[in-house]
Structure formats: C-alpha cells, structure tokens
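Input: a single structure, listed below in structure tokens.
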Amino acid sequence: MPVEREDSREGLVVLRDRKFIACGGCGWVHYAMTGEEKLALDRGLSRYNLTPAEQYFFESAYRQCLRCEAPVGGFREAQERDFARAAGHVVTPVLIDNS
Ligand SMILES: [Zn+2]
C-alpha cells in the first residue's frame with residue numbers, strides 16, 4: 001500500500017504547525033497562507049492568463065473572511081472556543097502579508 005510521504009504532499013493542504021486566525025466579525029476560523037502557498041496559487045493562476053484586475057479580484061477573495069467578508073486586518077488569533085465552533089466547517093486559507 002502506498003504511503004503518503006512528507007515530500008510528496010503536493011496538492012495536499014497540511015494543517016500542522018499552522019497559524020490559525022479567526023474573523024473579528026463572525027469568528028470564522030481561517031489559516032494563514034504561507035508565502036510558498038501564495039506562490040503556488042500565483043503559478044496556478046498564471047495558467048488562466050488573467051488580467052491584473054482579475055488577478056487582484058481573485059486575490060482579494062483571500063484577504064477577507066469567507067463568511068462575512070470582513071477584511072483580514074480585523075482578524076485575531078484563534079482561541080479554543082473558535083476551534084470548537086470551527087469543528088463544523090472547513091477551515092479556509094487567507095492571505096496575510098508579512099506572515
Ligand atoms: Zn467573518
């Protein structure tokens with residue numbers, strides 16, 4: 001049986017040692033995208049030949065709460081109670097500068 005190896009995790013989202021943050025507005029839990037993931041995202045996008053405006057629009061979707069669209073600027077570090085609430089939803093990535 002093939003075993004998933006650490007160095008062959010392309011395409012998989014690894015949530016270990018992640019920085020989790022919660023929306024300041026609704027408490028929805030997100031995780032901070034790493035610079036590496038941002039690059040991968042950019043590479044994926046380049047396939048579609050987006051205009052700069054389209055690219056900005058796409059990226060902005062990662063700079064706000066998935067649920068209430070509050071900007072990531074108002075996010076805070078996720079607490080235990082946030083995780084309890086997050087148990088029922090998919091944790092989504094957001095882009096945070098200088099993370
Ligand atoms: Zn929110």
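All residue numbers in this chain count up from 1 along the given sequence. Just so it is clear, the model here is predicted, and its values are computed rather than measured. Atoms within each ligand, like the ligands themselves, are counted from 1 in listed order.
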Original post:
Does Glu59 reach the side chain of Lys38, with side-chain heavy atoms less than 4.5 Å apart?
Top reply: yes

Original post:
Side chains of Leu45 and Phe58: does their closest heavy-atom pair fall under 4.5 Å?
Top reply: yes

Original post:
So, do His30 and Phe20 have ring centers that fall under 6.0 Å from each other?
Top reply: no

Original post:
Who pairs with Glu54 by side chain to side chain donor-acceptor pair (under 3.5 Å), at least two apart in sequence or on another chain?
Top reply: Thr51

Subject >> Distance filter under 2.8 Å, centred on the Zn ion (ligand 1) - protein N, O or S atoms that pass it >> reply: Cys23 SG, Cys26 SG, Cys65 SG, Cys68 SG

Original post:
Do the side chain of Gln64 and the main chain of Ala61 share a donor and acceptor less than 3.5 angstrom apart?
Top reply: no

Subject >> Sidechain-backbone polar pair: His89 side chain, Ala87 backbone, donor-acceptor under 3.5 Å >> reply: no

